[in-house]
Q: 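Below is one structure. I have some questions about it.
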Amino acid sequence: MDIALLGNPNTGKTSMFNNLTGSYEYVGNWSGVTVEKKVGIFKQGAAKLIDLPGVYSLNPLSKDEGVVTRFLLDDPFDRMLNIVDASQLERNLHLTLQLIEFGSPLIIGLNMIDVAKNRGIQVDVEKLSSVLGVEVVPVVARTGRGCKDLAEAATTPYRETKKQFQVDYGEEIDKAITKLEQLLQGESSHSTRWLTLQLLEGNPYVKKYLQSYIDMADLDGLIHSTSRAVLAGSEVRTIEQFIYKRRQAAIGEILKETTEVKGNSGQPLSEKIDLIITNKWLGLPIFLCVMYVLFMLTFDWLGFPLSDALDAFISGPITEGISQLLDLVGASKFIHALVLDGIVAGVGGVLVFVPQIFILFFFISILEDSGYMARVALVMDRLMEMVGLNGKAFIPMMIGFGCNVPGIMAARTIETPRERLMTTLLTPLMSCSARLPVYALFVGAFFVHQKALVVLSLYVLGIVVALILAKIFSNTLLRGETSFFVIELPPYRLPQAKALWKSTWEKGKGFVKKAGTFIFAGSVIIWLLSYAGPGGTNVQMDDSFLAMIGGVFAPLLAPLGFGTWQAGASLLTGFLAKEAIISTMNIIYFVPDEAGLQGILANTFSPLSAYSFMVFILLYIPCLATVATIKKETGSYKWTFFSMGYALAIAYILSLIIYQVGQVFGL
Amino acid sequence: MLSMLRKGEKAIITDISKADELVKRRLLDLGITEGSEVCIKCKMPFGGPFMLESCGQCVGIRKNEASCIKVEGL
Amino acid sequence: MVVNIIIGGAIFGYAGYALWKFISRSKQGKCAACDIKNSCSSNHCNSSK
């Protein structure tokens with residue numbers, strides 16, 4: 001059985017999904033965490049649950065909202081589970097009514113009854129169920145209360161017992177429904193009533209769907225004649241508004257019967273917090289402080305000592321153990337070198353950074369879960385507006401700090417195509433966690449006393465370059481279309497330990513997994529290339545194939561301060577995955593541990609060329625997975641190649657300036 | 001106009017028709033339309049967005065969009 | 001000697017397999033990175049819309 005999970009944004013749909021399925025799904029406290037539908041299996045294994053993006057109405061405004069309408073139109077499913085926020089019942093019921101009109105079996109999970117109670121709203125669940133003619137199960141998704149009942153109700157076979165609620169839209173709309181019924185001649189399996197209402201409301205997906213059965217002219221004629229008839233003698237201006245008002249009136253009646261409001265219980269805590277966090281003057285400084293603490297923790301206070309300890313463990317006992325084991329089984333010199341200089345150096349060099357990456361992901365998860373992200377969008381909007389974007393574009397960028405791929409996916413929540421494209425193109429400039437090991441390595445070698453600050457400067461540089469490019473793009477390539485910004489600011493919620501851990505693990509898992517698969521394979525290949533050369537095997541590193549390949553790029557990179565074949569070779573592998581740069585360097589410089597590598601680097605790089613190198617790594621190209629995602633999201637080779645090309649150009653120019661100017665100042 | 005309200009002031013929206021279509025739709029989705037009571041929670045500096053509160057939820061909206069919405073003070 | 005061939009074969013075999021899988025996954029983009037893609041009935045993964 002397939003069950004579709006639907007609901008408004010921020011109603012706890014995703015935490016419900018996690019509770020019901022046991023599998024993991026990204027929970028975030030801002031609109032648009034679910035940017036593509038995801039499927040989970042119910043704990044009892046009886047059914048599949050499909051998590052869809054949150055929508056306010058079935059008539060979509062942005063691309064991610066369109067996913068829901070398309071799903072309802074095209075995909076087969078057996079039942080709908082509508083999560084409704086009890087504290088915002090009035091707004092939530094608009095979607096519920098549309099789902100009832102759609103006609104598939106429906107169950108309502110009435111979430112956040114605790115929040116509603118705190119705000120003095122008492123919902124009579126049984127009454128609501130009988131009025132709507134839909135089974136309603138009260139739940140608290142965050143604590144998991146009632147989830148068992150809901151899972152049971154959702155998976156038990158459906159019995160149609162009660163008559164479902166119908167909104168009275170008046171005679172004219174009923175006529176239009178009959179008319180469409182005639183035009184369709186029974187060809188569509190969907191409810192004609194739903195199709196008619198969505199068509200009249202201007203739902204582009206429904207219109208396109210109907211066009212495959214009915215002539216465009218007939219459809220337009222129907223819309224036109226109905227809206228004229230409906231709007232005559234009424235003070236509403238559009239048919240969309242008319243339908244909205246009818247629904248609103250029906251909801252008013254439902255609420256009167258089913259809820260009781262017992263006065264306001266004073267200013268909610270959330271608003272008190274907002275007095276400070278989104279304060280006119282404190283907003284931006286607080287955001288910067290939060291980011292600073294995040295970087296200090298990741299790179300300095302907590303992350304660095306942990307990574308150091310792990311490094312000592314890998315280069316000490318582990319290397320030792322493997323070496324002895326190989327001796328024991330009588331492995332040859334070749335295997336010895338392959339395992340220790342290739343695999344342990346390459347994979348171990350990346351694994352060392354796991355603590356730092358998990359700390360970073362942990363903080364990004366906190367920001368998402370608590371509801372702070374939406375505030376960041378609000379605080380940043382003025383700045384983003386100046387460069388032709390809106391505050392919402394900042395959220396994909398923040399997510400891009402973790403990994404660029406989900407960041408680009410999150411750009412779908414942006415309503416206007418132009419801003420969406422710009423955000424997609426610029427998100428790769430955000431320094432993702434895979435770039436972090438490179439910085440950690442270099443700051444450890446060259447900037448011991450200003451570690452966090454130097455890394456922070458790179459993150460900021462990424463943002464600044466993105467903003468400047470946004471300004472340039474919006475004045476040249478991507479002109480037109482005014483931007484707009486309306487964002488829901490969900491109440492703050494205390495992130496839950498379990499959800500936080502899951503979300504951190506899920507994000508960090510990919511990094512560990514990649515170390516075991518791709519980085520492993522890459523290390524073997526890189527090591528082989530460094531081991532063999534035109535002159536045979538076990539050659540001097542400088543005579544190896546790797547040196548030849550890297551040497552091609554070295555002259556090009558010389559003006560940037562790192563014209564060595566080692567830098568050229570590692571940048572090449574970095575296109576496949578950024579952390580491969582570290583593996584490559586570890587193998588090239590023949591050292592099994594971080595400390596040893598740092599020592600050697602100090603001889604080949606100066607602090608200035610190290611910084612220039614880091615800037616180049618930050619900007620030079622989106623990794624392969626990101627490029628593939630850009631291609632999918634933009635659907636255009638032109639923009640995909642553009643995203644790689646401009647990045648390379650910017651990186652080269654900036655590194656050149658930094659190195660050359662720095663040299664003039666004698667750095 | 002909504003944009004003229006000061007922080008903490010409450011008002012009722014009387015005419016939203018001048019606002020951009022997309023803005024209107026999104027506000028409608030959030031249950032904010034003519035007749036809704038709104039309260040300005042804060043204004044971001046340098047002509048930045050406003051934070052509004054309406055029926056228990058908070059919404060961010062730009063200043064120039066707010067200046068297209070007519071309100072009546074309470 | 002046999003040990004060397006076994007270890008070497010295992011390492012190179014696995015490396016080749018992992019690399020091939022990674023490249024084909026990356027090329028597919030977003031849905032490929034999804035762990036539940038086998039149970040996902042979405043056809044949006046394949047369309048570039």
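On a predicted model such as this, the values are computed, not experimentally measured, just so you know. Labels below follow one simple rule: chain letters A, B, ... track the order of the sequence lines, proteins then strands, and each chain is numbered from 1.
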Q: With chain A, which of M51(B), K63(B), E53(B) has the greatest number of heavy-atom pairs at distances under 4.5 Å?
A: M51(B)
Q: Can you find a pair of side-chain heavy atoms, one from D29(B) and one from V486(A), that are under 4.5 Å apart?
A: no
Q: Search all heavy atoms of E385(A) against all heavy atoms of N64(B) and return the closest pair with its distance.
A: OE2-ND2, 4.2 Å
Q: Would you indicate whether M1(B), at its atom CE, is surrounded by more than 12 heavy atoms from other residues, nucleotides or ligands within a distance under 6.0 Å?
A: yes
Q: So which part of E201(A) gets closer than 4.5 Å to some heavy atom of chain B, the side chain, the backbone, both or neither?
A: neither
Q: If you define the side chain from C-beta out and look only at heavy atoms, does anything of K24(B) sit under 4.5 Å from T238(A)?
A: no
Q: Output the distance between atom CG (L489(A)) and atom CD1 (I61(B)), rounded to the nearest 0.5 Å.
A: 11.5 Å
Q: Counting C-beta onward and ignoring hydrogens, is there a side-chain heavy-atom pair between R25(B) and N59(A) closer than 4.5 Å?
A: yes
Q: Using non-hydrogen atoms only, which part of Q57(B) is less than 4.5 Å away from chain A: side chain, backbone, both, or neither?
A: both
Q: So L284(A) and M44(B), do their side chains get closer than 4.5 Å, heavy atoms only?
A: no
Q: Which heavy atom of R26(B) sits nearest to which heavy atom of Y56(A), and what is that distance?
A: NH1-CD1, 3.5 Å
Q: Given heavy-atom pairs under 4.5 angstrom as the criterion, report whether the side chain, backbone, both or neither of Q88(A) touches chain B.
A: side chain
Q: For E240(A), is it the side chain, the backbone, both or neither that has a heavy atom under 4.5 Å from a heavy atom of chain B?
A: side chain
Q: Any chance you could measure C42(B), atom SG, to I277(A), atom CD1, to the nearest 0.5 Å?
A: 11.5 Å
Q: At a 4.5 Å cut-off on heavy atoms, which part of L28(B) comes close to chain A: side chain, backbone, both, or neither?
A: both
Q: Please find the pair of heavy atoms, one from P49(B) and one from L378(A), that lie closest to each other, and give the distance.
A: CG-O, 3.3 Å
Q: If you count heavy-atom pairs under 4.5 Å with chain B, which of E90(A), R382(A), Q248(A), Q241(A) comes out on top?
A: R382(A)
Q: Using non-hydrogen atoms only, which part of Y244(A) is less than 4.5 Å away from chain B: side chain, backbone, both, or neither?
A: side chain
Q: Nearest 0.5 angstrom please: R91(A) CZ to S54(B) OG, how far?
A: 10.0 Å
Q: Around atom CD of E21(B), are there more than 12 heavy atoms from other residues, nucleotides or ligands closer than 6.0 Å?
A: no
Q: Evaluate the side-chain proximity of D274(A) to K41(B): yes if any heavy-atom separation is below 4.5 Å, no if none is.
A: no
Q: Under a 4.5 Å cut-off applied to non-hydrogen side-chain atoms, are R62(B) and N390(A) in contact?
A: yes
